[in-house]
Amino acid sequence: MSPPPPLVDARRYAHRRKADCELVHSGGPYGENIFEGSAGYTPADAVDDWVSERRYYDYHSSSCVPGQACGHYNQVVWADSVHLGCAQVTCDDGDTFVTCNYDPPGNVDGQRPY
C-alpha cells in the first residue's frame with residue numbers, strides 16, 4: 001500500500017498534535033517541517049520562520065554555518081520536491097501547530113537544494 005498524499009498525511013498529523021502542540025516529527029515517509037507558535041500565528045509565519053534560516057546556509061559548502069540550523073530552509077527550497085501538503089491546527093492550549101510535507105523528501109546531506 002502506498003503512503004497517503006502529503007496533504008492527507010499533514011492533516012492527519014496536525015490533528016494528532018492538537019492535544020499537545022508538541023514539536024515532534026511524525027516519522028512519516030515525506031520530508032517534513034513543523035512549527036509551533038502562540039495563538040494567531042499563520043502558515044505564512046511558519047514558512048517565514050523556516051526560510052529565515054537561509055542566512056545560515058552556505059551554498060558553496062552545501063552546509064549550515066557551524067552551530068546554526070538551516071535544514072528547514074533547505075527543505076522549503078529543495079528543487080526535487082514536487083508535491084507539498086501543509087496543515088494547521090489550533091491546539092487545545094490555543095497555540096498554533098503547522099506541518100508541511102514534501103515529496104520526494106529533500107534536505108539530503110551532501111546535496112545542494114537547488
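- Taking the six-membered ring where the residue is Trp, the centroids of Tyr56 and Tyr73 are separated by 6.0 Å or more.
- A distance of 7.0 Å separates CG in Asp20 from SG in Cys91, rounded to the nearest 0.5 Å.
- For Arg17, the CZ atom is densely surrounded, since the number of other residues' heavy atoms within 6.0 Å is greater than 12.
- The line from CG of Asn74 to SG of Cys64 is 6.0 Å long, rounded to the nearest 0.5 Å.
- Closest of all the heavy-atom pairs between Gln111 and Ser62 is O-OG, 3.1 Å.
- At distances below 3.5 Å, at least one donor-acceptor pair connects side-chain atoms of Asn101 with backbone N or O atoms of Pro6.
- The two atoms that bring Arg11 and His15 nearest to each other are O-CD2, 3.0 Å, heavy atoms only.
- Side-chain heavy atoms closer than 4.5 Å link hydrophobic residues (I, L, V, M, F, W, Y) into clusters, and following such links, even through other members, never connects Val76 to Ile34.
- Listed here is the closest heavy atom pair of Cys21 and Asp93: CB-OD1, 4.5 Å.
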Review item, side-chain donor-acceptor pairs of residues 77-87, under 3.5 Å, at least two apart:
residue : atom : partner : partner atom : Å
Ser81   : OG   : Gln75   : NE2          : 3.4
Ser81   : OG   : Pro104  : O            : 2.6

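- Among pairs with a residue in residues 35-49, those fulfilling side-chain hydrogen bond (donor to acceptor under 3.5 Å, both in side chains) read Thr42-Asp45, at least two apart in sequence or across chains.
- Between Val24 and Tyr13 the shortest side-chain heavy-atom distance falls below 4.5 Å.
- Under the salt bridge (charged side-chain N to carboxylate O under 4.0 Å, His left out) criterion, Asp109 pairs with no residue, sequence neighbours left out.
- For the pair Arg112 (side chain) and His60 (backbone), a donor-acceptor distance under 3.5 Å is present.
- The shortest non-hydrogen separation linking Thr96 to Ala39 is OG1-CA, 4.2 Å.
- Under the 4.5 Å side-chain criterion, counting only non-hydrogen atoms from C-beta, Cys100 is in contact with Tyr102.
- Judged by distance alone, with hydrogens and angles left aside, the side-chain atoms of Thr99 form no donor-acceptor pair with the main-chain N or O of Ala10 at under 3.5 Å.
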Next item on the list: Please lay out, stage by stage, how Ser26 and Glu32 fare under the test side-chain hydrogen bond (donor to acceptor under 3.5 Å, both in side chains).
Entry: CA-CA 8 Å; Ser26 69; Glu32 178 180 67; 2.8 Å; yes
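- Across Val89 and Ala14, no two heavy atoms sit closer than the pair CG2-O, 3.4 Å.
- Between Tyr57 and Pro113 the shortest side-chain heavy-atom distance falls below 4.5 Å.
- What you find for Cys70 and Ser63 is that their closest heavy atoms are SG-C, 4.3 Å.
- No side-chain heavy atom of Thr90 sits less than 4.5 Å from a side-chain heavy atom of Phe97.
- By the 4.5 Å heavy-atom criterion applied to side chains, Pro105 and Asp103 are counted as neighbours.
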